[in-house]
Amino acid sequence: MTQNDRFLNTIWQKPVDATPVWIMRQAGRYLPEYRKIRAKAGSFLTLCKTPELAAEVTLQPLMRFPLDAAILFSDILTIPDAMGLGLYFKEGEGPAFERPVQTARDIQALSPPDPDLSLRYVLDAVKIIRHELQNKIPLIGFCGSPWTLATYMVEGRANKSFPMIQKMLRDDPEILHHLLGVLAQSISLHLNAQIKAGVQAVMIFDTWGGMLETQDYLLFSLNYIQKIIANLIPENAGHRVPIILFTKAGGKWLNQMAETGCHVLGVDWLTKLSDARKRVGHQVALQGNMNPAILKESPEKIEQEVARILQEFGPGSGHIFNLGHGITPDINPENVAVMIDAVHTLSRQYHNQES
């Protein structure tokens with residue numbers, strides 16, 4: 001399917017020569033070439049909404065590093081933006097909405113956007129990227145989870161505790177379920193459109209699911225993720241399209257997450273990979289889980305941590321090396337190169353019996 005098929009073969013737990021590696025937010029602010037094109041675009045949203053620029057940014061890290069997968073440069077909040085909520089970004093403050101949804105009337109007025117119309121720029125970027133990649137490595141598409149999108153839409157901006165949606169959950173769960181249902185439908189449509197446009201895997205980012213208690217997580221987050229997975233196109237152009245699910249701080253729910261129908265579980269650094277592997281067995285592959293802060297350390301410490309994580313997973317296929325969350329803007333790209341080289345070099349001993 002691709003010239004470098006480590007990533008996809010690992011998902012299906014087929015033999016590989018080395019552990020594949022890619023990085024959440026690998027196209028982003030830690031790269032000087034990204035900052036240059038971001039300045040040229042004038043705003044983050046312009047960068048996202050200009051297919052040629054989004055494609056260029058997606059490809060930038062691949063010019064520097066021998067990564068095993070590319071991930072589409074976009075944003076999880078493009079869907080609520082397409083719903084007319086007025087997404088904007090303030091430097092240093094993160095995303096915000098001009099028109100948050102905080103009443104039953106606001107929420108009932110929402111409807112799923114047509115990805116072929118209001119999100120066409122994302123699909124056009126996918127097509128450009130696939131053409132430029134020439135099938136060298138696979139391209140990952142993505143969306144945020146319904147719960148995660150809802151936290152921003154109700155609060156109006158990022159807030160670690162999101163008090164307004166917590167109040168809605170307690171006081172008016174029915175209207176919250178309505179919102180999450182509309183979002184699940186919207187995300188299903190958008191991911192399927194990305195698949196048809198050419199992405200070869202999709203990832204669901206449940207950034208804020210970990211803030212919930214178990215029963216609320218299962219009911220208000222995982223329940224809707226499972227609905228999305230059930231609605232996704234299982235294959236395109238004769239190839240299966242795998243689904244990666246990542247709930248930040250969701251380690252305690254790995255067993256329930258593995259039952260959703262996803263093929264890979266993202267694991268943050270709060271969960272040991274050996275524990276995760278014992279719990280899910282061969283049911284799904286695992287992705288993770290180095291703390292991004294390690295990339296601020298010396299090359300020796302980075303290599304030691306890579307070695308520890310590879311040993312933690314152990315021999316055999318089924319592990320995609322990644323960070324336990326997105327790379328931060330203060331990371332030196334040279335340290336990223338150290339990590340990637342260490343993964344490819346040190347992991348071969350765990351695969352030499354199967355390749």
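Owing to the predicted nature of the structure, the values given are computational and were not obtained by experimental measurement.
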- Any donor and acceptor pair, going by atom type alone, linking the side chain of R35 with main-chain N or O of R29 inside 3.5 Å? yes
- Are I79 and L123 joined in one hydrophobic group, where the rule is that I, L, V, M, F, W and Y side chains link up if heavy atoms are under 4.5 Å apart? no
- Message: Could you tell me if the side chain of L219 sits less than 4.5 Å from the side chain of L212, heavy atoms only?
- Response: no
- Message: Go through it in stages, so that I can follow the logic: the residues are M257 and L254, the test is side-chain contact (heavy atoms from CB on, under 4.5 Å), and I'd like the CA-CA distance, side-chain angles, deciding distance and then a yes or no.
- Response: CA-CA 5 Å; M257 292 163 69; L254 291 179; 4.3 Å; yes
- Query: Can you tell if the side chain of W22 reaches within under 4.5 Å of the side chain of D68, non-hydrogen atoms only?
  - Reply: no
- Query: Would you say L149 and L119 are hydrophobically clustered, going by side-chain heavy atoms of ILVMFWY under 4.5 Å?
  - Reply: yes
- Assess the side chains of Y350 and H319: does a donor N or O sit below 3.5 Å from an acceptor N or O? no
- Would you name the heavy atoms of Q256 and K252 that are closest together and state the gap between them? OE1-O, 4.1 Å
- Message: If the threshold is 4.0 Å, N to carboxylate O, is there a salt bridge linking R348 and D17?
- Response: yes
- Between Y121 and P51, the two heavy atoms sitting closest are O-CG, 3.6 Å
- Under 6.0 Å between ring centres, would you say that holds for F205 and F142? yes
- Are the side chain of H190 and the backbone of Q185 linked by a donor-acceptor contact shorter than 3.5 Å? no
- Item | Shortest non-hydrogen separation from H325 to T207 and the atoms involved | NE2-CG2, 4.2 Å
- Message: Using modelled atom types and a 3.5 Å cut-off, is there a donor and acceptor pairing between side-chain atoms of N4 and backbone atoms of K136?
- Response: no
- Query: How many angstroms lie between atom CG of L8 and atom CH2 of W12, to the nearest 0.5 angstrom?
  - Reply: 8.0 Å
- Task: Could you tell me whether R279 and D275 have a side-chain N and a carboxylate O separated by less than 4.0 Å?
- Result: no
- Message: Can a donor-acceptor pair be found, under 3.5 Å and without considering hydrogens, that links the side chain of T148 to the backbone of G144?
- Response: no
- Task: Verify, without hydrogens or angle tests, whether T58 (side chain) and A54 (backbone) share a donor-acceptor contact under 3.5 angstrom.
- Result: yes
- Could you state whether L77 and L85 fall into the same hydrophobic cluster, counting links through intermediate Ile, Leu, Val, Met, Phe, Trp or Tyr residues with side-chain heavy atoms under 4.5 angstrom apart? yes
- Can you name the nearest heavy-atom pair linking V21 to M339, along with the distance? CG2-CE, 4.2 Å
- Nearest non-hydrogen partners of F220 and P173, listed with the distance: CZ-CB, 4.1 Å
- Message: I'd like to know if the side chain of S161 pairs up with that of N159 as donor and acceptor (distance under 3.5 Å, no hydrogens or angles considered).
- Response: yes
- Evaluate the side-chain proximity of S186 to P113: yes if any heavy-atom separation is below 4.5 Å, no if none is. yes
- Query: Would you call D268-K248 a salt bridge at under 4.0 Å N-O?
  - Reply: no
- Pairwise side-chain contact, I195 with E235, heavy-atom cut-off 4.5 Å (strictly under): no
- Are more than 12 heavy atoms from other residues, nucleotides or ligands located less than 6.0 Å from atom CD of Q3? yes
- Task: Classify the side-chain pair S221/D206 by whether it contains a donor and acceptor separated by less than 3.5 Å.
- Result: yes
- Task: Would you please test F246 and Q287 for side-chain contact (heavy atoms from CB on, under 4.5 Å) and show each step?
- Result: CA-CA 9 Å; F246 174 63; Q287 177 175 282; 5.8 Å; no
- Message: Do T19 and T10 have side chains that approach each other closer than 4.5 Å (heavy atoms only, starting at C-beta)?
- Response: no
- Message: If we ignore hydrogens and angles and just use 3.5 Å, is the side chain of Q26 paired with the main-chain N or O of I23 as donor and acceptor?
- Response: yes
- Item | Output field: ring centroids F321/F7 closer than 6.0 Å | no
- Item | R157 side chain to F97 backbone, donor-acceptor under 3.5 Å | no
- Taken to the nearest 0.5 Å, the spacing of L270 CG from K272 NZ works out to 13.5 Å
- Euclidean distance, I302 CD1 relative to E334 CD, rounded to 0.5 Å: 10.5 Å
- Query: Do we see a donor-acceptor contact under 3.5 Å between the side chains of D81 and T78?
  - Reply: no
- Item | Shared hydrophobic cluster, L189 / V199 (ILVMFWY, side-chain heavy atoms < 4.5 Å) | no
- Message: Donor-acceptor check, side chain of N9 to backbone of K14, threshold 3.5 angstrom: yes or no?
- Response: no
- Item | Distance-only polar pair, side chains of Q13 and H282, donor-acceptor under 3.5 Å | yes
- Task: Could you please spell out the steps behind the side-chain contact (heavy atoms from CB on, under 4.5 Å) verdict for V57 and L31?
- Result: CA-CA 10 Å; V57 168; L31 293 176; over 6 Å; no
- Message: Side chains of H351 and S317 only: does a donor on one sit below 3.5 Å from an acceptor on the other?
- Response: no
- Give a yes or no on this: more than 12 heavy atoms of other residues, nucleotides or ligands lie within 6.0 Å of atom CD of Q311. no
- Note on the structure: One should read off an interatomic distance between L222 CG and T214 OG1, to the nearest 0.5 angstrom, of 11.0 Å
- Query: Counting distance only, does the side-chain N/O of Q134 pair as donor-acceptor with the main-chain N or O of H131 below 3.5 Å?
  - Reply: no
- Item | Inter-residue atom distance I175.CD1 - R105.CZ, 0.5 Å rounding | 12.5 Å
- Query: Between W253 and T247, do the side chains contain an N or O donor and an N or O acceptor separated by less than 3.5 Å?
  - Reply: no
- Note on the structure: dist N192:CG -> I228:CD1 (nearest 0.5 Å) comes out at 10.5 Å
- Closest non-hydrogen atom pair, F44 against S74: CZ-O, 4.4 Å
- Message: Contact between L53 and I37 at the side-chain level, heavy atoms closer than 4.5 Å - yes or no?
- Response: yes
- Using a strict 4.0 Å threshold on nitrogen-to-oxygen distance, state whether K301 and E305 make a salt bridge. no
- Is it possible for you to say whether W269 and V343 belong to one hydrophobic cluster, with membership spreading through side-chain heavy-atom contacts below 4.5 Å? no
- Message: Assess, by modelled atom type and distance only, whether the side chains of E155 and Q102 contain a donor and an acceptor separated by less than 3.5 Å.
- Response: no
- Message: Could you check whether E33 pairs with R64 (Lys NZ or Arg NE/NH1/NH2 to Asp/Glu carboxylate O, under 4.0 Å)?
- Response: yes
- Side chain proximity check, T46 to C48, heavy atoms < 4.5 angstrom: no
- Is a donor on one side and an acceptor on the other found under 3.5 Å between the side chain of Q200 and the backbone of L139? yes
- Is the distance between the ring centroids of F162 and W208 less than 6.0 Å? yes
- Query: Are D330 and T328 close enough that a side-chain donor and a side-chain acceptor fall under 3.5 Å?
  - Reply: yes
- Message: Is a donor from one side chain sitting under 3.5 angstrom from an acceptor on the other, for T2 and N135?
- Response: no
- Please tell me if the side chains of K160 and T151 come closer than 4.5 Å, counting only heavy atoms from C-beta onward. no
